[in-house]
Amino acid sequence: MTGPDTETGAPEPGTGTNRGTTTFDTLILGAGAAGMMCAAEAGRGGGRVLVVDHARAAGEKIRISGGGRCNFTNMHAEPGNFLSQNPHFAKSALSRYTQWDFLDLVGRHGIDWHEKTLGQLFCDGSAKEIIAMLRAEMDAVGADLWLETSVEGVSREGNGFRVALRRGDSRHDVSCRNLVVATGGKSIPKMGATGLGYALAEQFGLPLVPTRAALVPLTFSDATLPRLKALAGLSVDATVETAGTRFREGLLFTHRGLSGPSVLQISSYWTEGQDVVVDLSPDTDLGAHLRQLRAQAGRQAVATALASVLPKRLAQDVADRAAPRGNLADQSDAEIDRITAHAHAWCLRPAGTEGYRTAEVTLGGVDTAALSSRTMEARDVRGLYFIGEVVDVTGWLGGFNFQWAWSSGWAAGQAI
Ligand code: FDA
């Protein structure tokens, strides 16, 4: 581990011990996925690197990700899987540090992995292996890590920066040429998320794209919620669509509303006041199916006929919403189309989302117009970099957000 360059200064009254000023080439704020990746790459260039984090451990979100197995990338990752005001911004970093580069790193560290579904790659063992790998990469280049360290202030100092840090009772000033902001988004504040990255962007005059919770369950008003609650625990394969964007994956009914991968995905595209349209039976043409059953066994109830395709509770709910008169034999073709529309195009108006408390990511953030897409450096503030989730680049569910953290962290590390 590298030690400090200079230690000067005397204790400051009322602020505990002042450990003086330490000089590093690069200071990285945030020891998450992007920060650690950047440290390993920046250190390769020979400069002295310090990573600080206010948490007790590095990579806490990596640790809990993917149910403890970390969905660390996606085999199909490409720029189209990311949301940003500038859809072209992520292209450079994603193409220069790809999912295959990360897989190569994982392989070199002997971490076994598997594809779960849709190109999503997970550790066979534990997400902790990914954290250990990043820590080993940092150690290999002598990057320092200070945990339980908070940032008290940042100021410009010549061509570089001076950052006031606090570790327990003592204050440390760090002077650095490059300052990398890797403090993540606002999701899961309980795990250490703060708005520091956004505040620093504002301090240095970088514009922000408004933030909101994404990859998050949708909530509903009292008019709809009781119906969804009655279905809680049911999970179906469904397509969910809003404003021309559609995902097909699992949908889960919960006591609070709708969740499951298809709903988390669509939440990133949903805005207040919009409907979501759910197809509960994307593979089976229910109209054709009911017409066939009508000819064969028309004396059954509509709910019973629907239950030959949908889970029983859901079939009953579709029938309740359609409220047909009589049994299946009593339904005209037009009536069958009306009934099945309640399953193929169930239109729901969410009241909101569960918010940052449960969101996997934050949409919006540091406006990419203010950053170089090649290096992540602020165009107008030399030496200031923003990487990972704090930037207005948000991936789909499925390993894409970590890939952005690796690619953007690597791009900044390379440039440094
Ligand atoms: P990240 O949040 O990882 O790191 C930021 C670091 O900065 C943290 O260590 C934090 O403590 C520190 N920090 C914040 N404020 C600070 C301050 N004021 N002072 C000092 N330090 C500060 N993605 C994916 O691709 N696959 C997956 O399986 C999952 N799973 C998943 C599960 C859950 C529950 C969540 C919440 C999120 C995911 N994600 C995911 C998303 C993924 O975790 C996320 O996109 C990346 O961790 C972002 O990496 P960053 O390094 O940008 O931020």
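Every number for a ligand or one of its atoms is a count from 1 in the order of the listing.
Taking 4.0 Å as the cut-off between side-chain N and carboxylate O, Glu354 and Arg256 count as a salt-bridged pair. Note on Arg321 versus Asp317: salt bridge recorded, some NZ/NE/NH1/NH2 to OD/OE distance being below 4.0 Å. A salt bridge links Arg291 with Asp337: the closest approach of a Lys/Arg side-chain nitrogen to an acidic carboxylate oxygen falls below 4.0 angstrom. Salt-bridge check for Glu137 with Arg44: passed, with a basic side-chain N closer than 4.0 Å to an acidic carboxylate O. A salt bridge between Asp320 and Arg313 is absent, with no side-chain N of the basic residue lying under 4.0 Å from a carboxylate O of the acidic one.
For atom 36 (C) of ligand 1, the closest non-hydrogen atom of the protein is Ile188 CG1, 3.5 Å. Scanning all protein heavy atoms for the shortest distance to atom 48 (C) of ligand 1 gives Glu389 OE1, 3.4 Å. Protein heavy atom nearest atom 4 (O) of ligand 1, with residue, atom name and distance: Gly32 CA, 3.3 Å. Closest to atom 26 (N) of ligand 1 among all protein heavy atoms lies Asn71 O, 2.9 Å. Ranking protein heavy atoms by distance to atom 20 (C) of ligand 1, first place goes to His54 N, 3.3 Å. Of all protein heavy atoms, the one lying nearest to atom 41 (C) of ligand 1 is Glu360 O, 3.7 Å. Looking from atom 25 (O) of ligand 1 to the surrounding protein, the closest heavy atom is Phe402 N, 2.8 Å. The protein heavy atom nearest to atom 30 (N) of ligand 1 is Ser65 CB, 3.3 Å.
Residues Phe253 and Leu314 form a side-chain contact, since some pair of their non-hydrogen atoms from C-beta on lies under 4.5 Å apart. Side-chain contact between Phe122 and Phe72: absent, with no pair of heavy atoms (C-beta onward) separated by less than 4.5 Å.
Contact record, Ala193 with Ser187: CB-O, 3.2 Å, taken as the closest heavy-atom pair.
Of all the heavy atoms of Ala182, the ones lying under 4.0 Å from any atom of ligand 1 belong exclusively to the backbone. With a heavy-atom cut-off of 4.0 Å, Asn401 touches ligand 1 through backbone and side chain alike.
Distances between N or O atoms of Leu196 and those of ligand 1 include no value under 3.5 Å. Backbone and side-chain nitrogen or oxygen atoms of Ala33 are examined, and one is located within less than 3.5 angstrom of a nitrogen or oxygen of ligand 1.
The closest approach between Gly399 and ligand 1 falls below 4.0 Å for a heavy atom of the residue.
Close contacts between ligand 1 and Val361 involve ligand atoms 41 (C), 45 (O) [criterion: under 4.0 Å to a heavy atom]. The contact set between ligand 1 and Gly388, taken as ligand atoms under 4.0 Å from a residue heavy atom, comprises 52 (O). Shown in contact with Phe400 at under 4.0 Å from a heavy atom are these atoms of ligand 1, numbered in order with element: 25 (O). Annotation for ligand 1: atoms under 4.0 Å from non-hydrogen atoms of Ile64 are 34 (C). Interface of Gly66 with ligand 1, defined as ligand atoms under 4.0 Å from a residue heavy atom, comprises 28 (O), 30 (N).
If you take OG1 on Thr73 and CD1 on Ile130, they are separated by 10.0 Å, rounding to the nearest 0.5 Å.
Across the listed options Thr194, Leu165, Ile28, Asp53, Thr194 owns the non-hydrogen atom lying nearest to atom 15 (N) of ligand 1.
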* To do: Please test Leu252 against Leu258 for side-chain contact (heavy atoms from CB on, under 4.5 Å), starting from the C-alpha separation and ending with a verdict.
  => CA-CA 6 Å; Leu252 176 69; Leu258 292 180; over 6 Å; no

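Side chains of Ser373 and Lys91: no donor on one and acceptor on the other come within 3.5 Å.
Judged purely by atom type and a 3.5 angstrom limit, Trp270 uses its side chain to pair as donor or acceptor with the backbone of Gln274.
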